[in-house]
Amino acid sequence: MPNYYGNIGNVTNPPLTQRRHSFTVQDTYTFSPSLIFNLNYGLSRMFGTRAAWSEGFDVTSIGIAANFRDAQQVRAIPPTTISGLAGIGNGVQNYSTQLGHTMQANFTKISGKHTMKFGADFRTYFINQLQNTRASGNLSFGQNFTQGPNPFQATATGGFGYATFLLGIPSGAIAKEPAIASKSSYWAFFLQEDYKVSRKLTVNVGLRYDLNLPRTERFNRNSIFVFDQPSPIAGRVPGFPNLIGAMTFTGAGNIGREIYPADKNNFAPRLGLAYQLNNRTTIRAGYGIFFGLSPTDASGPGGGFADGFTGLTNMVTSLDGITPILNVSNPFPSGTNPPLSGSALDGSIQLGQAHRSAIISLVTPYFQNWNLSLQRSVGANTIIEVTYAANKGNKTQFGAVSLNDLTAAQIAVGASNNQLVPNPFFRVITDPASVLAQPNVQRGQLLRPFPQYTQVTAVNSAIGNSMYHSFQMRVEKRFAKGFTLLGSFTAAKNINDTGQDGSGPTAGILDHTNLRLERSLDPQDVSKRLVISGVYELPFGRGKWIGGSMPKAFDFIVGNWQMNGIASFQSGFPLVMGSTGGGRPNRVIKGEEFSGRAQDRLLRWFDTSAFAVPVAFTYGNSSRTTPDFRTHGTANYDISIFKNFPITENFRAQFRFETFNTFNRVQFAAPNATAGAAAFGQVTAQSNPPRQLQLALKLIF
């Protein structure tokens, strides 16, 4: 939404200014009629920058502490959220320069029934980026400090974010970080042969080899958390003689400049065939392996592995999760952490703090695709095609996996994990911004796999899986007598455990020790989709079925009209379930999704009694997404009318009247899927735009 009134507290993204330049060159050389060489080179450069709406604003003028202002890398209003209310501020301030080189070279050799193509593909990518969403800090005021009578049990009416705000009890963080200058390269070699075995049978065989060279940083500003390395404070902490887990850095010791060893076994075979049963029927089949984007590609600090080089300070709001020990008037009583470099970098970096530099697996994801189709011609102008298509993803990426959480059994112990006990790390960990530098610490902190850190997170871990099956049918009436029609139907199921969505809702990992709990329908799963489109040239005018010999003046008005239409019908998406207090709800009964008109069930889209807020210190048993409850489906019609005006043989004008969502049908947004919320099960918004009308005049020459 544009910031029409120049509101410096606007929560929307500020405008992004970009400058792009690109250059390409291509050369094709024919050695002989049967041997052709092709070479392509491309260079692209992009610079983009975005400044906060409130850049330069002095936050002390609105009552925020001076030590907060002085710690800001960018002086601006910190993004501030109050549970249950709208927030203010936007933390998106960045700049990025990206440069890419690409080169492809290939030969094509034709010999009798064989057509062979082979070559290489090279790409290198540079990115210099500052993308610090916490450069101005952030503040949040939740319900947890004002809920009761049990402060650990979230309820629909317990706690109020604004009350927490009035008490001045914030959570949040602030960070200073340098611009990261990273680089990665990619090589590929491929070979493919098309062999026409007979007049009816053609076979395609191919092999591709992909090699991603993991990213490096110009100044070796990459950090890696090593699980099994002895901690620098091992033997110094009473009761923890064998602490493991420490930081190391690329370009130092036995660690090279790359963040991860290159994945060198990425061979991708492909096989396809087409067989003509008769003059009207063809069978096609194919199988192939395709490698995706590598998690080790060049990235800014948002890609992880920048711990230590980023000076991050979290607010220590409470030691036991109940009793606040600071307020907004002095959110960083012990100061903030600066970015480190040079001799200050060692294995003790960020002891007592959180890490995003752990590595589980950063191999390249790959996908196995296979399909079988039957295509048949019916009559003179109609084709029917039926296809089974499937896709299996291997080593797909999880966004973030938290490795320092308590197990389900440990969490089930309950409030005793929040009890304060003498801190064995006191005076060993001296970072004043860490809870582990205090005399007392929560009992549960000492049960973590790496108790000397608050969080240890692995980003972009290639450990996920996905499976997609689909039945597809296409009916096409080719253009004849001014009319063409295309209909396509898909019935499919997409199951995965990663929740990596290009758009739409996502769901966090419930228990990193049991990733099987994440396996469910993808939040973007579409079980059924039907699309029908057509073009009809009205049979009026000179040379047409009606009025074929009418005068030109009359034809100018009546002739050359065309109607176009697209009708789309699609089932809704599965609901991503949540619960007050975080996590997922309990599924207590099967329940049902109510039937009938959508307008009649907006206040109760599904049986909300099927879900309950889980008891404190337990995981809900609901799946990541619901297999039986879905959002409102799509039933959309777009219709247009064109009128062509021939002016000369090579010049004509076209008048277009286009309508989108022609019948102004409402598609409702997803219902509230947070068990325990006051609006649970209710639909409160529309997800599609209303009817739009558009007039245009187009000149074609």
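For CG of Asn278, the number of neighbouring non-hydrogen atoms (other residues, nucleotides, ligands) closer than 6.0 Å is greater than 12. Heavy-atom neighbours of Phe554 CZ from other residues, nucleotides or ligands within 6.0 Å: at or below the threshold of 12. Shown here is Lys544, whose NZ atom has more than 12 heavy atoms of other residues, nucleotides or ligands within 6.0 Å. Annotation: Trp370, atom CH2; neighbour count of heavy atoms from other residues, nucleotides and ligands within 6.0 Å is above 12. Residue Lys493 qualifies as open at atom NZ: its count of foreign heavy atoms under 6.0 Å is 12 or below.
With sequence neighbours excluded, the residues forming a side-chain contact (heavy atoms from CB on, under 4.5 Å) with Ser609 are Ile589, Arg604, Asp607, listed by chain and number. Every residue two or more places apart in sequence or in another chain that forms a side-chain contact (heavy atoms from CB on, under 4.5 Å) with Asn394 is listed here: Tyr366, Gln368, Lys392, Asn465. Scored by the side-chain contact (heavy atoms from CB on, under 4.5 Å) test, Asp600 finds Arg597 as partners (sequence neighbours excluded). Under the rule for a side-chain contact (heavy atoms from CB on, under 4.5 Å), the partners of Ser687 that lie at least two apart in sequence or sit in another chain are Gln667, Ala669.
Taking 4.0 Å as the cut-off between side-chain N and carboxylate O, Asp628 and Arg587 count as a salt-bridged pair. The existence of a salt bridge linking Asp497 and Arg624 is excluded, since no basic side-chain nitrogen approaches an acidic carboxylate oxygen closer than 4.0 Å. Salt bridge status for Arg516 with Glu518: absent, with no side-chain N to carboxylate O gap under 4.0 Å. Electrostatic pairing of Asp194 and Lys196 does not count as a salt bridge here, judged by no charged N lying under 4.0 Å from a carboxylate O.
Counting only N and O atoms by type, the side chains of Gln682 and Thr684 include no donor and acceptor under 3.5 Å apart. The closest side-chain donor-acceptor pair between Asn90 and Asn13 falls under 3.5 angstrom. With 3.5 Å as the limit, one finds a donor-acceptor pair spanning the side chains of Asn40 and Asn38. Inspection of the Arg656 and Gln654 side chains reveals an N or O donor paired with an N or O acceptor under 3.5 Å. Gln104 and Asn106 are not linked by any side-chain donor-acceptor pair at a separation below 3.5 angstrom, with hydrogens and angles left out of the test. Side-chain contact of Tyr186 with Asp210: a donor-acceptor pair under 3.5 Å is present, judged by distance alone. Residues Ser520 and Thr625 have side chains that bring a donor and an acceptor to within less than 3.5 angstrom of each other.
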Could you go through residues 290-298 and list every donor-acceptor pair under 3.5 Å that involves a side-chain atom there, pairing it with any protein atom two or more places apart or in another chain?
residue	atom	partner	partner atom	Å
Ser294	OG	Thr296	N	3.1
Ser294	OG	Thr296	OG1	2.7

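The nearest pair of heavy atoms linking Ala188 to Arg208 is CB-NH2, 3.4 Å.
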Run the side chain to side chain donor-acceptor pair (under 3.5 Å) check on Asn564 and Gln562 step by step: do they pass?
-> CA-CA 7 Å; Asn564 315 280; Gln562 174 184 311; 2.7 Å; yes
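Contact of the Asn688 side chain with the Asn661 side chain is registered, since non-hydrogen atoms from C-beta on lie closer than 4.5 Å. Two residues are said to be in side-chain contact when any heavy atoms from C-beta on lie closer than 4.5 Å; Arg519 and Leu517 fail this criterion.
Sorted by first then second residue, the ring-ring contact (aromatic ring centres under 6.0 Å, His included) pairs that include residues 562-594, not counting sequence neighbours, are Phe569-Tyr637.
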